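Every value quoted in this text rests on a predicted model; they were computed, and no experiment measured them. Quick note on labels: first sequence line is chain A, next is B, and so on, each numbered from 1.
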There are 2 protein chains.
Amino acid sequence: MMSELVPNTGDGAVPRAFAVLELLALSNEPLRLSAIALRLGMQKSTVHRVLATLVLLGYVEQEEESSCYRASLRLWELGTGLVAQHPVKRAAAGFLQQLHQATHETVSLTVLSGDDVLYLDKIVSPRPIRFTSRVGSRVPAPLTAGGKAMLAYEPGARAIARRTRQRIQDKRRIEIESLMSELDQVREAGFATSSFRPGVESFGAPIMAQDGRAAAAISVSAPTSRLSASKREAIVEQLLATCADLAERVGAL
Amino acid sequence: MMSELVPNTGDGAVPRAFAVLELLALSNEPLRLSAIALRLGMQKSTVHRVLATLVLLGYVEQEEESSCYRASLRLWELGTGLVAQHPVKRAAAGFLQQLHQATHETVSLTVLSGDDVLYLDKIVSPRPIRFTSRVGSRVPAPLTAGGKAMLAYEPGARAIARRTRQRIQDKRRIEIESLMSELDQVREAGFATSSFRPGVESFGAPIMAQDGRAAAAISVSAPTSRLSASKREAIVEQLLATCADLAERVGAL
DNA sequence: AACCTTGTTCCGCCAAGCGGAACACTCAAG
DNA sequence: CTTGAGTGTTCCGCTTGGCGGAACAAGGTT
């Protein structure tokens with residue numbers, strides 16, 4: 001009947017434990033036991049047991065004075081190890097650096113994750129853009145330049161667009177048909193653009209894999225005020241060259 | 001009876017699930033179901049069930065062709081959110097940048113985690129040092145400059161030194177009594193030095209909290225070949241100034 | 001002092017998790 | 001082609017670990 005307060009993934013010990021851990025990780029302040037039990041619709045004693053296990057495993061710490069619980073850095077430690085050995089990120093690091101040197105603008109590496117774009121890496125411009133997405137954060141793919149660059153080669157692009165439209169607040173941002181035709185143009189031109197953040201313009205291109213889909217995308221973002229027609233042209237040219245080189249490298253490994 | 005092959009944290013569904021997840025996260029290649037069962041001393045059917053749960057929760061992905069399992073980027077995603085809101089790291093970011101500008105050398109931010117130092121942040125020198133520790137990695141605290149800077153104000157320093165001596169391979173690296181007297185000197189001078197990596201010299205100073213212990217440490221590392229007496233002096237001076245300023249800022253929040 | 005909270009502990013009930021065994025399948029050697 | 005040793009997956013009976021209600025202790029606030 002879907003009568004849960006929270007979109008719970010199911011019952012059982014493991015899903016519960018992860019629900020608690022995620023809640024703690026996403027919350028920016030330490031949480032009380034009761035607050036966790038309330039927000040997850042679980043029994044206090046259950047939450048207590050789960051927390052005891054997580055503390056034992058080192059994923060959660062309990063502040064001794066306030067008896068609040070917060071996630072430890074264990075998750076982060078495991079996570080950084082994961083992304084450090086990510087093949088695309090490893091291969092891309094030097095190319096991103098080089099592209100940043102050439103353009104002097106903010107350069108990002110993203111992959112598709114569900115309906116979102118996940119920021120794997122980023123080199124910020126010396127004069128950084130405000131409201132930039134943090135590395136490790138996710139943004140609906142159809143909004144971003146890198147996301148559109150990847151969606152152009154994704155079979156399920158239309159479904160992603162529909163789901164995203166349901167999800168976001170300002171529905172005018174995504175009109176399905178215009179987006180789909182934009183993706184056609186992206187396939188032709190080889191790059192996508194986006195200005196979904198006010199005052200910031202982005203250019204994104206896919207890193208193509210052998211199977212015809214995009215393994216990742218690189219995007220260059222700059223404030224509109226700093227962009228001229230010739231600068232835009234130069235950015236796109238350097239971006240496409242970088243992605244082509246990188247695709248060759250990725251294909252080789 | 002402690003008859004486990006692996007230092008297992010205990011039985012039950014949740015510890016098992018985390019054992020599997022950690023194994024996958026730490027392994028740099030995708031693992032087969034049998035390999036996991038073997039290495040953790042678990043039944044195949046148990047591993048299968050656990051993996052199914054982890055896949056459902058989005059922490060593990062299964063390659064469709066080889067049916068291997070690997071950790072997804074979910075852990076990393078949660079982890080980056082965690083460290084991004086870490087108060088010390090947030091406060092330190094600007095100071096690290098500034099210290100890097102002043103010294104043009106590699107600057108690191110570390111915290112104490114167990115008996116280790118955990119690298120929270122790092123700004124690498126334009127001519128980067130080889131064999132540098134990755135952000136998110138851990139190194140035995142008594143080996144590093146930042147670690148010694150923090151241990152100098154840690155009550156359990158001696159115990160940490162003993163445990164670390166047991167743990168490492170080259171026991172000559174740590175002589176308990178000489179380390180303890182070195183920590184005394186660190187308290188007097190306000191900074192520590194280390195050259196546990198061949199050819200690299202590091203200077204570390206603590207960021208003091210109100211309780212008289214070190215909340216974190218900043219260290220500056222440079223190849224010995226690039227260091228003169230005056231350069232060393234300048235680095236230490238700038239390092240100490242930075243840590244003092246930062247401690248004030250951290251104390252305020 | 002009479003309430004609310006909070007976190008923690010206890011305990012009976014029961015299902016979720018466990019692991020052995022059987023299954024389907026692939027690949028390599030015979 | 002057949003055999004065999006792997007693999008991953010499924011089934012199922014048993015029992016243990018997890019569940020949640022209730023009682024408990026400790027502060028904090030009215």
Side-chain angles (χ1 to χ4, degrees), chain A residues 1 3-25 27-72, chain B residues 1-25 27 29-72:
Chain A
M1 269 291 289
S3 63
E4 291 288 333
L5 300 174
V6 181
N8 213 338
T9 321
D11 54 312
V14 178
R16 271 176 236 255
F18 276 99
V20 170
L21 186 56
E22 286 182 18
L23 182 64
L24 284 173
S27 148
N28 33 14
E29 65 236 350
L31 293 179
R32 312 194 142 275
L33 173 61
S34 317
I36 300 171
L38 184 66
R39 291 192 50 179
L40 296 180
M42 294 164 59
Q43 209 72 8
K44 277 198 300 176
S45 63
T46 301
V47 175
H48 184 71
R49 182 168 13 85
V50 168
L51 283 172
T53 307
L54 290 176
V55 168
L56 188 68
L57 294 172
Y59 288 92
V60 169
E61 291 166 347
Q62 181 176 21
E63 298 184 349
E64 64 285 352
E65 67 273 13
S66 65
S67 72
C68 278
Y69 294 88
R70 60 184 158 69
S72 76
Chain B
M1 271 289 288
M2 292 294 288
S3 64
E4 290 289 335
L5 299 174
V6 182
N8 212 338
T9 320
D11 54 311
V14 177
R16 271 176 235 256
F18 276 99
V20 170
L21 186 55
E22 286 182 19
L23 182 65
L24 284 173
S27 149
E29 65 234 352
L31 292 180
R32 312 194 144 271
L33 172 63
S34 316
I36 301 172
L38 184 66
R39 292 192 51 178
L40 296 180
M42 294 164 58
Q43 209 69 8
K44 279 197 301 177
S45 62
T46 302
V47 175
H48 184 73
R49 182 167 14 85
V50 169
L51 283 171
T53 307
L54 289 176
V55 168
L56 188 67
L57 293 171
Y59 288 91
V60 169
E61 291 166 348
Q62 182 177 21
E63 300 184 347
E64 64 284 354
E65 67 273 13
S66 65
S67 72
C68 279
Y69 294 88
R70 59 183 158 72
S72 75

(message) Whole angstroms only, please: what is the CD-P distance between B:Glu63 and D:dT7?
(response)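 Spelled out: CD on B:Glu63 to P on D:dT7 is 17 Å.
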Which atom names give the shortest non-hydrogen contact between [X] and [Y], and what distance separates them?
X	Y	value
A:Leu33	A:His48	CD1-N, 3.8 Å
A:Val14	B:Ala13	CG2-O, 3.7 Å
B:Arg32	B:Cys68	CG-SG, 4.0 Å

(message) Checking side chain to side chain contact (heavy atoms under 4.5 Å, CB included) between B:Leu40 and each of B:Val47, B:Val20, B:Val50, which is the one that passes?
(response)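 With B:Leu40 as partner, side chain to side chain contact (heavy atoms under 4.5 Å, CB included) holds for just one option, B:Val20.
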Rounded distance [0.5 Å steps], [atom1] in [X] versus [atom2] in [Y]:
X	Y	atom1	atom2	answer
A:Leu57	B:Leu21	CG	CG	11.0 Å
A:Leu31	A:Leu38	CG	CG	11.0 Å
A:Arg49	A:Met42	CZ	CE	8.0 Å
B:Leu54	B:Leu24	CG	CG	8.0 Å

(message) Under 3.5 Å for both pairing distances: what stems, at least three Watson-Crick or G-U pairs long, include DNA chain D?
(response)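 Paired runs of 3+ in DNA chain D: C:3-5 with D:26-28, C:7-23 with D:8-24, C:26-30 with D:1-5.
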(message) Tell me whether the rings of B:Phe18 and A:Phe18 are parallel (<30°), tilted (30 to 60°) or perpendicular (>60°).
(response)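 Answer is parallel, since the angle falls under 30°.
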Between the protein and nucleotides 28-30 of chain D, list the N/O to N/O atom pairs that are separated by less than 3.5 angstrom.
none

(request) For each nucleotide in nucleotides 8-20 of chain D, reading 5' to 3', give B when a protein heavy atom comes within less than 4.0 Å of its base, S when such contact involves only the sugar-phosphate, and - otherwise. (result) BBB------SSBB
